[in-house]
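What follows is a short report on a single structure.
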Amino acid sequence: MVSQSHLYPPAAFGTSVSHLRVLLFLGVVTSWVEFVRCSAGATEPLHKQIDAVLVAHSGSSGVVAKSTSDASFLRRIHLDLTGTVPNPTRTRDFLADPSPDKRVKMIDQLLESPQYARRMQVVFDVMLMERRASTHIKSEEWEDYLWEAFRNNKSWLQLTNEILTADGIDERTRPAARFMLDRELNVDDVTRDIGRIFLGRDLQCAQCHDHPAIDDYLQRHYYGIAAFIKRSYVFKDPETKKSSIGEKAEGDLEFTSVFTAESEKTSPRILDASPINDPTPGPELYKVKPEKNVRSVPVYSRRLQLAKSVTDPGNVSFRYSIANRMWAIMMGRGLVEPVDMWHATNPPTHPELLSLLADSLLQQDYDLKYLLRELALTDAYQRSSQREEKEFDGEPGNGADFSVAMMKPLSPEQLAWSMMQVTGVVDQQLNSLIAKQDKKEDDQTVVDAVWKEKSLNKALRGNVVIFTSVFGTQGVQQARFDASADQALFLRNGDLIQRWVALKDGLSDRLAAMDDSDVAQEYYVSVFARMPSTEEAKLIESLLVESKDRNADIRQLVWAGLASAEFRFNH
Amino acid sequence: MRRDQDCNGIDHLLARREFLAGSAAGVMGANAIGLGTLTSPASAAALEQQQKRVLQIYLQGGVSQLESWDPKPGTQYGGPFQAIPTSVPGMHISELLPHTAKRMHLLSVVRSINSKIGDHRQGMLFMEKGRRAGEYPYVGSVASRYLAPENSDLPGYIHISKRGINDSTSAFLGARHAQLKLDGDKPPENLIAPSGIEDSADEAREKLRIQFNRRFTKQRSPALTDVYNSSYEAAAKLMKRKAIFEGKALAKDLDRFGQHDFGRHCLLARDLLENGATCVKVTHHGYDTHAENFNFHLEQLGEFDKTFSMLLDDLHDRGMLESTLVMVYSEMGRTPKINSKYGRDHWGTAWSMAMGGCGIQSGAIIGKTNLDGTKVAEREVDPGHLFHTYLSAVGLDSSADHDLSGRSIPIGDPAAEPISELLS
């Protein structure tokens, strides 16, 4: 027991004990000794520890793919941290840079860019709202709120606190109330999504009865969470028309199993933590009494206990869930997969790795940028997505051992921005925005990276929305890639893509102005962010030599690049 | 288990195999099981012939049970219309459905639905998903996933409607099984190659795309690229079948079906089913009759009755009815009580639907409402039971889990079961 105390800061001491209990329960670790060994080596940077755990896990037999090429690393990290592919200048500069630490420098540079905030805004918007329609809070306000949060590297702890406590009255945190408000404070929707998103557990099937197939999802878990929010409701101010959250001081939760017809009562509780009983009520139950057109505020709020209980260090599922989701974003697959289905029969593939990530996050006060940086620095992240010829047997596998980089489909937003970047839409839009700003003689703003990013995002937002409506899905986001005929029709025959491919002074025109022998390199650097192989260059040259309508053929070439699998995936 | 004999035993077995494969997806590879993996071409062909289909006619707004499947003439809330005998001895339906009445030996009626939901959207979701709440696929997406042949030319789930948003219908079953929504009988969007790109150029750019892909897939797992590539193949197939969507309905067909939207939509539905579509849903709007319930039903059901009857005849004549489940349904019924504007309001307590075709006992009446139609008197069911029934009728085991790795999600609500006496 003594050996434990130096592993954790004193404040978190209590948590390591309950943490171990969970691991023992899940059969993840079998002894104190193993637990200590897993936690040792804390002086090493996290990314080294991660790679060490992966090596230890796969044993000596583990064959891993080699480190990926600089070009492929650059495209990968750009998509993951900024949401778009690198432009040709950046690709050329990076390939020419001889310094051995250029990957580290690139990671740090991208993490500080305003595009990083945008990328994270999208990732967390989709994670928290799952492309629901916005009704009570404007999506722009919510997006700005998230953008600012990630620009300032707000911790996940603080973000969660704000999202679960905001009542929509305080203007500074009003957008954070969207999580509850745009679910209409529907008890079932909010309960399920708190379980899924913040705790990594989809308790939907435990709503009407203990889960039929999963022994550790119980009906009382579901209703324990529901009890926090059962008394809250959407209040619409009749004058301002603004929605906010009101709450009643009474109302208990009783639930009945449809299988056994047994009823139980529960106070608010997170999973198996102790229930939080209401304090003995004083003479007044309300700060503001419920009346017609009045938002009632109780003296004791059950809903305000929620954030505290969810983020309590004793509730390990909070940090495990976010660590797992961050891993999945970077690596293409959660250590628990699906990311919201952690239970005894679907345990993490690498339990010791997941606890390492979760505990590091706790020690770093839930600094997500720190975690993403460490993940990007691992050998695992920087592996090739191609296996060596001799060991490749064509077996798909699910990639769960992370011995080879997994392919990640581009999100609708990544796809839209990458296509606009490649075809020249982004550059033209930016130039025209700068020209407009120049006329106002404001030299300072036009060079400002934040101004550029925000203006560009606003100007091209409409195109991104089209992509999210074609490629996005509402509701639980499926990790499994799927593609439908109407999406392919959109890419093949849709006006938007055709316009981009044929953009005046865009990529196709730029290529058309070049000599046959120069086209291949510019094409590959622009579209695929890499140099062509000799064979690939030859193919393009011969295509141009045989061409009867050079301009048209170049446009078809650009289209084929955008429509290719190499473009569709982050690899 | 009579349904196993009638609804082809092999098919049932196939369904079982798919579910078993799901639990071993890691070993066998998800989605690998389908018609393509059957080793005997003879049995594959037999199966394709026996392909089960679903036709959904959705009467949007909530058709009145009293003016359709459960008339109560001469009672307190019965309204002005009479009940007429049907081709099934002893079965009466509203006089607003004279053509349908002659074909009731092909259909059955459920008169005892209590969904407890009087809301358009929630009621529709319960009917489509068989669950009161939560993220589950619609009937059509389930049909697409488990009934559609792998090599089908048409998407598995096509919805013909003039209104409404494009719902996400497939939940965890993925984009391939989401509904393809058609705006009436207009072709799907982007079906025609862009102007200025000749067929030869179109072919050339496709060839280039495939060439790029071949290079890219080397030494990589083909799982994702195959899915992506197959979406282009599906798009190309759909483009080749564009004639179906070009509204070249024959005049004599239109005369029979009716020269109106619903007539054209039902003709398109017939053609799509005949050409291998697995589930086709046609939405007929205009049943939300809070005012003038009787005039509106006279008009709307007049349009429905003749058209639907012609469609049923065609499916029957072409021998497709044995393999096609037909559902005529709403998201709720309408109040027995007639309001001051001669309307009937939203009502989830005691209402009806009709179904027939594949796997359904025909000419049956399931359940009963009380004398005034204010309550279910016998054999109460809800959309959870109906959902199990549709899927059982087309030979699926609705109590099995979905074919998903890492998740255990029962296809139908485990607290409900099929209406067994309705299954043939």
Side-chain angles (χ1 to χ4, degrees), chain A residues 188-189 192 204-205 207-209 212-214 258-259 337-338 341 346 385-389 392 394-399 404 407 409 473-476 478 480-490 492-495 498 536 539 543 552-553 556-557 559-561 563-566 568-569 571, chain B residues 26 29-30 133-135 155 168 170-172 174-176 178 180 188-194 196-197 201-202 204-209 211-213 215-225 227-239 401 405-410 413-415:
Chain A
D188 293 329
D189 290 350
R192 182 186 181 209
Q204 175 171 253
C205 285
Q207 183 185 343
C208 310
H209 38 69
I214 300 173
V258 295
F259 287 162
E337 184 71 36
M341 287 301 277
N346 187 37
S385 60
Q386 277 178 299
R387 295 218 182 259
E388 299 287 331
E389 192 118 25
F392 186 73
E395 186 58 41
N398 60 10
V404 61
M407 288 203 281
T473 52
Q474 248 181 44
V476 178
Q478 300 306 320
R480 200 181 64 187
F481 174 68
D482 206 351
S484 63
D486 54 331
Q487 292 170 357
L489 286 174
F490 169 83
R492 239 189 107 141
N493 302 334
D495 283 348
Q498 287 313 309
E536 285 166 333
L539 178 92
L543 189 99
D553 282 347
Q556 312 315 359
L557 191 62
W559 178 84
S564 69
E566 180 165 358
R568 184 69 183 82
F569 297 98
H571 38 81
Chain B
E135 295 225 1
S168 7
S170 59
F172 41 76
R176 264 170 304 171
L180 175 72
E189 277 188 80
N190 305 315
L191 195 62
I192 319 285
I197 297 185
D202 197 30
R205 62 180 193 156
E206 266 292 280
K207 227 172 95 186
L208 264 174
R209 182 185 67 77
Q211 207 166 0
F212 280 149
N213 284 2
R215 202 171 293 273
F216 177 70
T217 321
K218 262 190 216 160
Q219 307 305 119
R220 286 190 168 92
S221 155
L224 303 185
T225 45
V227 169
Y228 188 45
N229 201 41
S230 73
S231 74
Y232 282 91
E233 283 168 11
K237 282 182 191 166
L238 201 54
M239 287 170 72
D401 275 356
S405 58
R407 283 179 196 266
S408 157
I409 304 177
D413 185 344

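Every chain is numbered from 1 and lettered A, B, ... according to where its sequence line falls, protein lines coming before strand lines.
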Q) How about B/E189: does its CD atom have over 12 heavy atoms from other parts shown lying under 6.0 Å from it? A) no
Q) Roughly how far, to the nearest 0.5 Å, is the OG atom of B/S231 from the CZ atom of A/F490? A) 13.0 Å
Q. To the nearest 0.5 Å, how far apart are CG in B/N213 and CZ in A/R568?
A. 12.0 Å
**Q.** A/Q386 vs B/F216, side-chain contact (heavy atoms from CB on, under 4.5 Å): CA-CA, chis, key distance, verdict
**A.** CA-CA 9 Å; A/Q386 277 178 299; B/F216 177 70; over 6 Å; no
**Q.** chain B contact via A/R192 - side chain, backbone, both or neither, heavy atoms under 4.5 Å
**A.** side chain
**Q.** Atom of B/S168, atom of A/Q474 and distance for their closest heavy-atom approach
**A.** OG-CB, 3.3 Å
**Q.** Which of B/D202, B/N229, B/L238 touches chain A most, by non-hydrogen pairs under 4.5 Å
**A.** B/D202
Q | Among A/E566, A/R387, A/M407, side-chain contact (heavy atoms from CB on, under 4.5 Å) partner for B/R220 | A | A/M407
**Q.** Part of B/A178 lying under 4.5 Å from any heavy atom of chain A
**A.** neither
Q) Can you say whether B/F172 sits under 4.5 Å from chain A via the side chain, the backbone, both, or neither, judging by heavy atoms? A) both
Q: Looking only at non-hydrogen atoms, find the nearest pair between B/A175 and A/S484 and report the distance.
A: O-CB, 3.5 Å
Q | side-chain contact (heavy atoms from CB on, under 4.5 Å) between B/L191 and A/L489, worked out | A | CA-CA 6 Å; B/L191 195 62; A/L489 286 174; 4.1 Å; yes
Q. Between B/L224, B/L208, B/T225, which residue shows the highest count of heavy-atom pairs closer than 4.5 Å to chain A?
A. B/L224
(Q) Taking side chain as everything from C-beta outward and backbone as N, CA, C, O, which of these in A/L557 sits under 4.5 Å from a heavy atom of chain B? Side chain, backbone, both or neither. (A) both
Q) A/T473 versus chain B, heavy atoms under 4.5 Å apart: side chain, backbone, both or neither? A) neither
Q: Select, from B/K207, B/Q211, B/R209, the one with the greatest count of heavy-atom pairs under 4.5 Å involving chain A.
A: B/R209
Q. Between A/D482 and B/V227, does a side-chain contact (heavy atoms from CB on, under 4.5 Å) hold up when you go through it step by step?
A. CA-CA 6 Å; A/D482 206 351; B/V227 169; 3.9 Å; yes
(Q) Determine whether a donor-acceptor pair (N or O, by modelled atom type, separation under 3.5 Å) exists between the side chain of B/Y232 and the backbone of A/A563. (A) yes
Q | Engaged part of A/Q487 at the chain B interface, taking heavy atoms whose separation is under 4.5 Å | A | side chain
Q | Nearest atoms (heavy-atom pairs only) where A/S564 meets B/F212 | A | CB-CB, 4.1 Å
**Q.** Heavy-atom proximity to chain A below 4.5 Å, by part of B/A204
**A.** neither
